[in-house]
Structures are given as structure tokens and as C-alpha cells.
J.: 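I am attaching a structure below and will ask some questions about it afterwards.
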Amino acid sequence: MKTLFTFFSLLVFHSLFAQNIRVHDPVAIKQGDMYYLFCTGRGISVFSSPDLKNWEKEPQVFTEEPVWADDVAVDFNNHIWAPDITFHNGKYYLYYSVSAFAKNTSAIGLTINTTLDADDPNYKWEDQGIVIQSVPNRDLWNAIDPNLIFDENDTPYLAFGSFWEGLKMVKLSEDLKAIAQPQEWHTIARRERSFDLADANPGDAALEAPFIFKKGDWYYEFLSWDLCCRGENSTYKVVVGRSKSATGPYVDKNGIALNNGGGTLIIEGNENWYGAGHNSTYTFDGKDYIIFHAYDANDNGAPKLKIAELQWDTEGWPTLKDNVLD
């Protein structure tokens with residue numbers, strides 16, 4: 001009986017631990033019957049789950065940092081931020097961010113695999129190097145937080161950005177490995193930045209992490225406002241706008257353009273969770289989900305995985321079906 005009790009206790013503990021994993025900037029994808037979660041971490045952290053509830057640790061993507069990382073951010077030490085995962089033409093495209101904190105010495109890289117199953121003999125990540133790079137005092141944007149989107153003509157664009165002069169979208173080459181020529185750029189969200197700040201300063205226009213989700217005739221841009229990564233001082237929240245075009249302009253529920261500070265609030269912190277944000281959004285098995293991290297007020301502000309089902313009002317705006325921040 002004692003052995004059975006011990007086994008049951010360990011099972012319960014494992015289940016609770018698995019459903020409260022520490023993550024930052026989570027994105028997900030399904031291969032076969034298995035979900036895979038990618039997030040910020042040493043070499044890009046990876047988890048797998050059969051049910052979006054119980055997660056197991058998988059091998060990190062990069063055992064050693066990308067060979068070019070230290071040229072972008074000195075002493076980078078393989079701590080890779082904010083990945084984005086997409087299956088396209090039989091391959092998995094994983095974009096990721098290399099940066100120094102609060103600086104736009106940043107770059108978005110790309111690595112490709114034919115499978116996410118680490119036990120598959122064909123499992124091998126092949127790095128493609130830098131796709132987009134930002135340089136201080138040259139660019140008033142930051143090359144982090146990528147998200148790949150295809151428009152109605154299957155033209156690829158990469159949305160990205162954090163602080164400075166807002167969130168950007170750029171057309172990609174057909175192979176998804178570089179900026180298309182001639183270049184095509186769009187600003188897809190912006191908040192007012194104090195004009196007297198130095199260009200190298202991130203500024204006070206706190207927004208980042210665009211994620212574009214297509215539903216029906218609309219493209220929805222989810223993004224995070226305010227401050228992440230500060231434990232009990234985190235004020236992260238998620239807002240949304242929409243457009244009939246992948247490249248915008250996006251407007252919120254009140255008709256205010258996201259380029260003019262607009263955004264309809266759908267997630268914010270409370271007494272149990274200091275802040276919540278950096279989301280990704282998917283349809284899995286006929287249901288729409290929003291996946292994000294939140295800072296646990298009962299665990300010293302540790303960032304925890306949150307997954308909520310989305311529902312849509314009569315005008316086509318998303319809300320959380322259940323409050324997962326109780």
C-alpha cells in the first residue's frame with residue numbers, strides 16, 4: 001500500500017509540475033498526435049505533450065549557440081529568445097531571436113528540420129543564419145520576436161519587433177531565408193514614443209511580440225503591451241486588432257488603428273498573476289487556442305505556461321472562453 005501511495009503521489013506531483021512548467025514566450029505546433037512547445041531558453045527550450053496539459057522536456061534545439069551569435073550580441077551564451085515555429089512544404093521552419101537585453105543589437109535567425117521527433121533518425125536542425133538584423137543608431141526598430149505569416153496569395157511575411165518605433169512586417173524571399181528584393185516594409189503597430197530619447201534607447205512605447213492569426217476573412221494581430229520579465233513588477237498584457245489584409249492596417253474594436261496606439265484588451269494580470277503576455281494563437285482539432293506566459297504571484301513571479309481556448313463574439317472579436325488566471 002505504501003508503494004502504491006508513493007507511486008500515486010509521484011504521479012500527481014508530476015502531473016501538477018507538468019501543467020505548471022516555467023516558460024517564456026511559448027509557441028506551439030502539432031506533429032501527428034504530439035504537440036511541441038518551443039520557448040525562450042538555453043539553446044531554445046522544447047517540450048512535448050499528447051494533450052496540451054502534461055508536458056515533458058525535449059532536447060534543446062541548439063546544444064551550442066549559433067556560430068554568428070556573438071557577432072550580434074557579445075557574450076550571448078546561447079540564451080535564445082522568442083522562437084516561432086511553422087510547418088511549410090514538408091519542413092519545420094523555426095525562427096528565433098539573438099539579442100542583448102534592452103538593446104537593438106539584435107538579429108532573427110532561422111533553423112530548419114524535417115521532423116520534431118528527436119528519436120527520428122532524420123531529426124536534425126540545420127541553421128540558415130541571419131534573416132533580419134537591427135543595428136543601434138541605424139534602425140529605430142528591434143529584430144526580435146518573429147512570427148511568420150502567409151497572405152491570401154501565399155506570399156510570406158515576417159512580423160517582429162519590440163519597443164522603439166513599433167512593430168514591423170517585411171516581405172520574405174520565397175525560400176523564407178532572407179528579405180525579399182525589392183524590399184517591402186510595413187509598420188503594423190505603434191505607440192507614442194517620447195521624441196527626446198536617444199535612438200539607442202528602447203524608449204517608453206512599450207509593445208512587442210506580434211502574432212498574426214487568420215480566421216475567416218480577417219487577419220488578427222495579437223501583441224503585448226507594457227513590461228515583461230520583471231517578476232512582481234511585470235505589467236504585461238495582450239491586446240488585439242484586425243485587418244482584411246495581412247499587412248494591415250490593423251484596427252481595434254473601437255476603430256482605432258494599432259499604428260496609432262490602438263488595441264483591444266483581452267488578457268491582463270491580477271492579484272494572482274502579475275502580468276501575462278507574449279502569446280501565440282492556433283487552431284488545433286477545430287478549437288482556437290491562445291498560448292502565453294504569466295508571472296505567478298504565488299511563486300515569486302516565475303513565468304508559467306498558460307493555455308486558454310478562444311471564443312468569438314457576434315462581431316468576430318476574440319475573448320477567453322475561461323479565465324485561466326484565477
Side-chain angles (χ1 to χ4, degrees), residues 22-27 39-40 81-82 97 99-104 106 140-147 159-168 187-197 201-213 220-242 250-254 256-281 290-306 308 317-320 323-326:
R22 294 177 63 132
V23 304
H24 229 267
D25 316 325
V27 294
C39 53
T40 291
W81 300 355
S97 310
S99 183
F101 192 79
K103 297 181 179 179
N104 63 340
S106 308
L140 272 176
W141 45 268
N142 196 13
I144 66 171
D145 298 355
N147 174 235
F160 63 93
S162 174
F163 283 73
W164 277 271
E165 278 287 342
L167 309 185
K168 306 297 180 180
T187 297
I188 56 172
R190 183 180 178 276
R191 300 176 83 183
E192 193 64 33
R193 171 186 168 93
S194 296
F195 73 94
D196 57 344
L197 294 172
N201 190 318
D204 48 4
L207 77 172
E208 60 188 9
F211 195 94
I212 311 298
F213 178 69
Y220 292 83
E221 180 187 348
F222 296 84
L223 63 147
S224 295
W225 276 1
D226 299 337
L227 302 178
C228 80
C229 320
R230 289 162 173 79
E232 64 181 13
N233 295 316
S234 299
T235 55
Y236 237 16
K237 53 185 65 70
V238 176
V239 300
V240 66
R242 69 184 184 184
Y250 290 86
V251 299
D252 68 14
K253 197 171 183 177
N254 294 319
I256 302 173
L258 268 58
N259 278 346
N260 195 32
T264 297
L265 181 68
I266 61 170
I267 300 172
E268 64 179 334
N270 56 30
E271 67 274 9
N272 295 315
W273 301 92
Y274 294 123
H278 204 116
N279 81 279
S280 54
T281 309
I290 188 166
I291 301 174
F292 58 99
H293 70 257
Y295 299 97
D296 191 347
N298 297 304
D299 190 12
N300 298 313
K304 303 287 183 67
L305 175 65
K306 290 294 178 182
W317 288 97
T319 59
L320 301 192
N323 184 5
V324 296
L325 296 180
D326 285 339

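Here, residue 1 is the first one in the sequence, and each next residue gets the next number. Scope of the values below: all heavy atoms of this structure, side chains included, with no hydrogens, waters or symmetry mates.
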J.: Grab the two heavy atoms, one from I267 and one from F292, that are nearest each other, plus how far apart they are.
T.: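 For I267 versus F292, the nearest heavy atoms are CD1-CE2, 3.7 Å.
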
J.: With the side chain counted from C-beta on, respond yes when T281 and I291 share a heavy-atom pair under 4.5 Å apart, and no when they do not.
T.: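 T281 vs I291: side chains apart.
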
J.: Mind checking what makes salt bridge (Lys or Arg N to Asp or Glu O under 4.0 Å) contact with D299, not counting sequence neighbours?
T.: K304

J.: Would you call E165 and R190 a salt bridge, taking side-chain N to carboxylate O under 4.0 Å as the test?
T.: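 Counted as a salt bridge, because a side-chain N and a carboxylate O are separated by less than 4.0 Å.
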
J.: Minimum heavy-atom separation for A297 to E271, with atom names?
T.: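 So the two residues come closest at CB-O, 3.4 Å.
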
J.: Please tabulate, one pair per line, all N/O donor-acceptor pairs under 3.5 Å involving side-chain atoms of residues 225-232, not counting sequence neighbours.
T.:
from: D226; atom 1: OD1; to: R191; atom 2: NH1; distance (Å): 3.1
from: D226; atom 1: OD2; to: K237; atom 2: NZ; distance (Å): 2.5
from: R230; atom 1: NH1; to: C228; atom 2: O; distance (Å): 2.7

J.: Measure from the side-chain N and O atoms of K168 to the backbone N and O of A159, and report whether any donor-acceptor pair falls under 3.5 Å.
T.: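 Flag not set: sc K168 to bb A159 has no pair under 3.5 Å.
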
J.: With heavy-atom distances below 4.5 Å as the criterion, would you say the side chains of I256 and V251 are in contact?
T.: no

J.: Does N323, at its CG atom, have more than 12 non-hydrogen atoms belonging to other residues, nucleotides or ligands within less than 6.0 Å?
T.: yes

J.: Of N298, D326, L325, which meets side chain to side chain contact (heavy atoms under 4.5 Å, CB included) against W273?
T.: L325

J.: Please name the pair of heavy atoms, one in G166 and one in L207, separated by the smallest distance, quoted to 0.1 Å.
T.: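 Taking G166 first and L207 second, the nearest heavy atoms are CA-CD2, 4.2 Å.
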
J.: How about D25 and T40: does a side-chain donor come under 3.5 Å of a side-chain acceptor?
T.: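 Checked: D25/T40 side chains pair up, N/O donor to acceptor below 3.5 Å.
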
J.: Please examine the side chains of R22 and P303, heavy atoms only from C-beta on, and report whether any two atoms are closer than 4.5 Å.
T.: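 They are in contact (side-chain heavy atoms under 4.5 Å apart), so the answer is yes.
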
J.: Do I188 and L258 come within less than 4.5 Å of each other through their side chains, counting heavy atoms only?
T.: no

J.: Parallel, tilted or perpendicular for H293 and Y295, by the 30°/60° rule?
T.: perpendicular

J.: Would you call Y236 and H278 a side-chain contact if the rule is heavy atoms closer than 4.5 Å?
T.: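 Result yes, sub-4.5 Å side-chain heavy-atom pair found.
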
J.: Using 0.5 Å steps for rounding, measure from the OG atom of S106 to the CZ atom of F101.
T.: 11.5 Å

J.: Are any non-hydrogen side-chain atoms of Y220 and I212 less than 4.5 angstrom apart?
T.: no

J.: Shortest non-hydrogen contact from S280 to P26?
T.: OG-O, 2.9 Å

J.: For N259 and T187, which I'm curious about, is there any donor-acceptor pair between the side chains at under 3.5 Å?
T.: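 Absent: no donor and acceptor within the cut-off.
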
J.: E268: what forms a salt bridge (Lys or Arg N to Asp or Glu O under 4.0 Å) with it, not counting sequence neighbours?
T.: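 So E268 forms no salt bridge (Lys or Arg N to Asp or Glu O under 4.0 Å) with any residue.
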
J.: Shortest non-hydrogen contact from I290 to I266?
T.: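 So the minimum-distance heavy-atom pair works out to CD1-CD1, 4.0 Å.
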
J.: Looking only at non-hydrogen atoms, find the nearest pair between D145 and S97 and report the distance.
T.: N-OG, 3.0 Å

J.: Working to the nearest 0.5 angstrom, can you tell me the gap between S99 OG and I144 CD1?
T.: 5.5 Å

J.: Per the side chain to side chain contact (heavy atoms under 4.5 Å, CB included) rule, which among N279, V240, V239, V238 passes with L223?
T.: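 Testing L223 for a side chain to side chain contact (heavy atoms under 4.5 Å, CB included) against N279, V240, V239, V238 leaves exactly one candidate, V239.
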
J.: Does a side-chain heavy-atom distance below 4.5 Å link T264 with N254?
T.: no

J.: Taking C-beta and beyond as the side chain, do W164 and R193 meet within less than 4.5 Å on heavy atoms?
T.: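 Of all side-chain heavy-atom pairs linking R193 with W164, at least one is under 4.5 Å.
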
J.: For S194, does its backbone N or O pair with a side-chain atom of D204 as donor and acceptor, under 3.5 Å?
T.: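 Between the backbone of S194 and the side chain of D204 there is a qualifying donor-acceptor contact (under 3.5 Å).
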
J.: Taking the six-membered ring for Trp, are W141 and F160 closer than 6.0 Å centroid to centroid?
T.: yes

J.: About how many Å separate CG of L305 and SG of C39, when rounded to the nearest 0.5 Å?
T.: 8.0 Å

